[in-house]
Protein chains: 2
Amino acid sequence: MIDEHRSRSVTRADVARYAGVSTAVVSYVLNNGPKPVAVLTKERVLDAVRVLGYRPNAAARALSKGSADMFGLVVHDNRSPFFAELCHTLDQRGTQAGRSLLIVNSDRTQADTAEQLRDLASRQISGLIISVALTASEQALVESLRLPTVVIGPFGETDALPAVSVDLAAGTRAAVEHLIEHGYQDIAFVGSAARYDARERGWADALSAAQLKRGLLIHTSFTYEGGYAAGVRLAEASPRPRAVFAASDQIAIGMLAALRERGVRVPEDIAVASFDGITAADYVWPRLTTAVQPLDQIADAAISVLLNPTPDPGLREFVPELRVRESCGCTPGRD
Amino acid sequence: MIDEHRSRSVTRADVARYAGVSTAVVSYVLNNGPKPVAVLTKERVLDAVRVLGYRPNAAARALSKGSADMFGLVVHDNRSPFFAELCHTLDQRGTQAGRSLLIVNSDRTQADTAEQLRDLASRQISGLIISVALTASEQALVESLRLPTVVIGPFGETDALPAVSVDLAAGTRAAVEHLIEHGYQDIAFVGSAARYDARERGWADALSAAQLKRGLLIHTSFTYEGGYAAGVRLAEASPRPRAVFAASDQIAIGMLAALRERGVRVPEDIAVASFDGITAADYVWPRLTTAVQPLDQIADAAISVLLNPTPDPGLREFVPELRVRESCGCTPGRD
DNA sequence: CTGAAAGCGCTTACAG
DNA sequence: CTGAAAGCGCTTACAG
């Protein structure tokens, strides 16, 4: 620890000199290979590392190996609660594997996604986590990067890329079926207009299975504001739906605000169920009944795809679990 | 674009060859220096870059320059809404300066902050953004790193480091004074126990200026759960305070949940004002009256400190602006 | 204005 | 088990 606070940094050569070995041996020790090292030599090296306070220069390592110990993560907007939680979990899990997370928001106005992907690649990331929908050309770009890649979330057309996702249709069905069990017949949907998003289908399926006809269909953005706008439309609809499924908790929260301001009570006038299972869902009022995504499992699966790229990774799909709270009309206790 | 999808990457040497110049000249062109290049030569190079689809290898660049085009950001937990918004804004602003953001959560259990700081340094980041409280030894570590550094947020003891922050005391005073104007006399405080956090002092000052005595003082964590726990205590206090200042919107939201469940009405039974100005503050009920941190200005100032490190940067302090909504008892219109 | 060359700090095939 | 050396792809002082 003597020189921990030195200004010019200690390099592998210093360590080699101190330990009386070659720099190659220092590498072998630090990387556990590729060559074996005698136990005593190894201890001398480790000692030198400790004494000199040595830390490998990651840039040199990345240049030499052609790969930095970083994962690139592309999300649409790290502020939306679900993605914030996803980033956090991936950071935890990635760190356990010695990888830092380079987070890129695709909603940046200055650069398009292709440009951001190329930038990540030029930084020699060792893996790419994509949690946004990709155009066909962006997808081709990603494939050309020849990087371990995993798509998180069900973005349909990315079949060529390994994916970890959640069964949106099943989660939605569970939520909508729960609303149906409450006896609601006129059930609206608020969510994405994207074809790949199976929530709309899950809603439709649940309704037709119960021989109910589809209620009001509202497409909106996955933001508080988008939810608010949808809430306004719901409040003003006539007849007003008796229940609604929202494609994200964030949308639901925005919706609640609009409904409340217009004197529409939840769940008395309109019941709500949503999707994601963010922490805040348990703190708004009424607390949200929501299909919870198993974040830890998703993150673990994604990281493991990157760490062990297999020829045919395919799709790893999880099923969300419905968490019942008050927004649907139930009266459970607190978590 | 011919070779955009090649597998082995094109290097500076390829560009030089194609353009019929030396690799040095390619560098001069791409970096706008340090040497001037004839206009025609420059165009030949740029053309080669375009044709070959060349992208510089960031690792090589970082090794050579001793500095990667990345900023390291240390936050406690990127999920808490205010920090999520901070990360997002810093990402935007950093990107405009060609810097990516390497986000590190200090709440990771696997590594202590010192270790995380050393890891960031070993990655050759070109600047360090710290938005957590540092111990004295961590602070010494940071200084020893000799990296452009900026502290975001008022973490008192970091006087040696340039800081961009918000006047916590002033923001809190504004909020508490507003509660006082409503006529509330018994005003509680929910927030941090940390000495450097001036919100408690702001609350105390506002009260004593109005010749009111201090109300209930509750220290809790900056989470929904922490706010919930505080809410429970408030609800059960007797006499129950007539108003409360919460140190963050997130705390306030947790508090609202606890109060609501216990039948304590906000603002009728207890008025609430808080701090931060996160987006969600406008969507919960009642909507939060809160001291809004000027995020864009904070981020801009922080980035500019890193980009133009001056010998004596000192403290750049912003004053939050009170946003009045319903939680304090006012009845404003929607934003 | 341009180029040849050293150097950044690693990794790893190759030789012993 | 250990070492000398080439190479990763940049930047930049130095020379012209």
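In the text below, chain A, chain B and the rest are named by the order of the sequence lines, each starting its count at 1.
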Between dA13(C) and dG9(C) - P atom distance, rounded Å:
23 Å

Heavy-atom protein contacts under 4.0 Å, nucleotides 10-16 of chain C, coded B base, S sugar-phosphate only, - none
BBBBBB-

Using the side chain to side chain donor-acceptor pair (under 3.5 Å) criterion, which residues pair with T89(A)? Sequence neighbours excluded.
none

Of all residues at least two apart in sequence or in a different chain, which pass the side chain to side chain donor-acceptor pair (under 3.5 Å) check with N78(B)?
N105(B)

Can you sort out the partners of Q293(B) under side chain to side chain contact (heavy atoms under 4.5 Å, CB included), two or more places apart, ordered by chain and number?
F82(B), V166(B), F275(B), D276(B), I298(B)

Using whole Å, what does the distance between atom P of nucleotide dG9(C) and atom CD of Q124(B) come to?
9 Å

Which dot-bracket notation, 5' to 3', represents the base pairing of DNA chain C when pairs are defined as Watson-Crick or G-U with both distances under 3.5 Å, crossing pairs as [ ], and inter-strand pairs as |?
|||.||||||||.|||

Applying side-chain hydrogen bond (donor to acceptor under 3.5 Å, both in side chains), which residue pairs with at least one partner in residues 23-37 of chain B are found, sequence neighbours left out?
R12(B)-S27(B), N31(B)-R61(B)

Modelled atom types, side-chain donor and acceptor of R99(B) and S126(B), under 3.5 Å:
yes

Sequence neighbours excluded, which residues qualify as side chain to side chain contact (heavy atoms under 4.5 Å, CB included) partners of S304(B)?
N308(B)

Residues that R123(B) engages under salt bridge (charged side-chain N to carboxylate O under 4.0 Å, His left out), provided they are two or more places apart
D119(B)

Considering residues at least two apart in sequence or located in another chain, which fulfil the side chain to side chain donor-acceptor pair (under 3.5 Å) criterion with T41(B)?
none

In whole Å, what separates the P atom of dC14(C) from that of dC10(C)?
23 Å

Going by the rule side chain to side chain contact (heavy atoms under 4.5 Å, CB included), which residues pair with V104(B) if we only count those two or more places apart in sequence or in a different chain?
R108(B), Q116(B), L120(B)

For E115(B), check side chain to side chain donor-acceptor pair (under 3.5 Å) against everything at least two apart and list the hits.
R55(A), R118(B)

Contact check, residues 37-46 of chain A vs DNA chain D, heavy-atom distance under 4.0 Å, returns V37(A), A38(A), T41(A)

